[in-house]
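Let me begin by presenting the structure, written as structure tokens, before commenting on it.
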Amino acid sequence: MVNEPGKTTDNTDKQGITRRRFIIGTMIVAIIGAFGSLLSLLKVLSPSKKGSGYVSTIEPGDLLVYASGSNIGMEIKASSFNVGDAELVYPKGKSSNPANLVQLIKLNESDFKAPTDIQYTDKGFVAYSAICTHLGCTVSWVKNTGSPDASYTECFCHNSTFNPARGELVEGGPAPIPLAQIGVKVNDDDTLAFTSDFKGPIGPQV
Ligand code: FES
């Protein structure tokens, strides 16, 4: 069939317009996709914001339970600790909030020095936030078996070290502030309970 003069031109124009719209649409989708990927990349690369939403729900009277290991969820017993021991603990029934993660440590009472708040310790037990103040990794306990008093806290993400006898002051690495202390006491039945909320900011502080 032979097209009338002019009709061929109309079809060609319509096809051209359709093609242009398709190309423009594809470009828009590609640009939006690239922008989304860029935002995701920036989110991964950018450092954590101060606190990063870490809000503790620990209340005085909450019992301490193991946060890891074969005893996870069981109540801590004071008599099972020796000087130089430490455990990651949660307040009983509140383990779903990572801001509640605490490191419980036993030292010689005579070793405590400022800025450790002695009133927040009991029978050599002292407790601090277990969330590193650099970028929020969970800290670890480095036990010195030969000299338990020389044991210390370290964050292996970027090797920040903290002094537990001196209020977890930062002794090395990029952590900007100490790990916040929280009050603990030994109950008559050998369990331990919190006596306060954290005394300072918790979570990343950069
Ligand atoms: S997150 Fe702990 S040292 Fe960086």
Side-chain angles (χ1 to χ4, degrees), residues 37-58 62 64-69 71-73 76 81 83-91 94-107 111-117 120-121 124-184 192 194 196-206:
S37 299
L38 181 62
L39 282 180
S40 300
L41 182 63
L42 287 174
K43 196 172 174 185
V44 169
L45 294 178
S46 60
S48 303
K49 300 231 169 20
K50 275 192 176 184
S52 291
Y54 282 86
V55 179
S56 159
T57 52
I58 297 176
D62 285 344
L64 280 65
V65 299
Y66 287 92
S68 61
N71 292 330
I72 189 167
I76 298 281
F81 273 63
V83 170
D85 286 346
E87 291 284 348
L88 291 176
V89 302
Y90 271 122
K94 299 180 178 177
S95 62
S96 60
N97 180 357
N100 291 344
L101 189 59
V102 166
Q103 185 172 242
L104 176 70
I105 302 163
K106 184 164 184 183
L107 298 173
D111 289 337
F112 290 132
K113 304 211 168 27
T116 304
D117 190 330
Y120 281 61
T121 72
F125 284 96
V126 64
Y128 301 95
S129 170
I131 309 299
C132 182
T133 55
H134 181 219
L135 295 180
C137 292
T138 299
V139 298
S140 299
W141 182 243
V142 181
K143 185 171 181 176
N144 185 328
T145 49
S147 178
D149 291 353
S151 304
Y152 61 94
T153 301
E154 179 161 3
C155 176
F156 289 110
C157 281
H158 311 96
N159 301 113
S160 287
T161 53
F162 305 86
N163 186 335
R166 301 199 53 166
E168 292 284 36
L169 286 176
V170 181
E171 296 206 321
I177 63 171
L179 302 166
Q181 191 179 352
I182 187 166
V184 288
L192 280 103
F194 290 104
S196 71
D197 197 350
F198 291 105
K199 285 172 53 70
I202 60 172
Q205 301 296 315
V206 295

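Note that ligands are numbered from 1 as they come in the structure, with each ligand's atoms numbered from 1 the same way. Note that the structure is a prediction, hence the values are computed from the model and not measured.
Pairing each heavy atom of Ile72 with each of Ala67, the nearest pair is CD1-O, 3.3 Å. The nearest pair of heavy atoms linking Asn97 to Tyr90 is O-CE2, 3.5 Å.
In summary, an N, O or S atom of Cys155 is located under 2.8 Å from atom 2 (Fe) of ligand 1.
For the residue pair Asn100 and Thr57, a side-chain donor N or O sits within less than 3.5 Å of a side-chain acceptor on the partner.
Given atom 1 (S) of ligand 1, the protein heavy atom at minimum distance is Leu135 N, 3.2 Å. Counting protein heavy atoms only, atom 3 (S) of ligand 1 is closest to Ser160 OG, 3.2 Å.
Atoms of ligand 1 lying under 4.0 Å from at least one heavy atom of Cys137, given by number and element, are 1 (S). For ligand 1, the atoms closer than 4.0 angstrom to any heavy atom of Cys132 are 1 (S), 2 (Fe), 3 (S).
Atom OG1 of residue Thr116 and atom CD of residue Glu168 lie 8.0 Å apart, to the nearest 0.5 angstrom.
Within His134, ND1 is the N, O or S atom that lies nearest to atom 4 (Fe) of ligand 1. Looking only at N/O/S atoms, His158 comes nearest to atom 4 (Fe) of ligand 1 through ND1.
For the pair Thr138/Leu101, a side-chain contact is recorded, criterion being any heavy-atom separation below 4.5 Å from C-beta on.
Within the 6.0 Å centre-distance limit, the rings of Phe125 and Phe81 are counted as a close aromatic pair.
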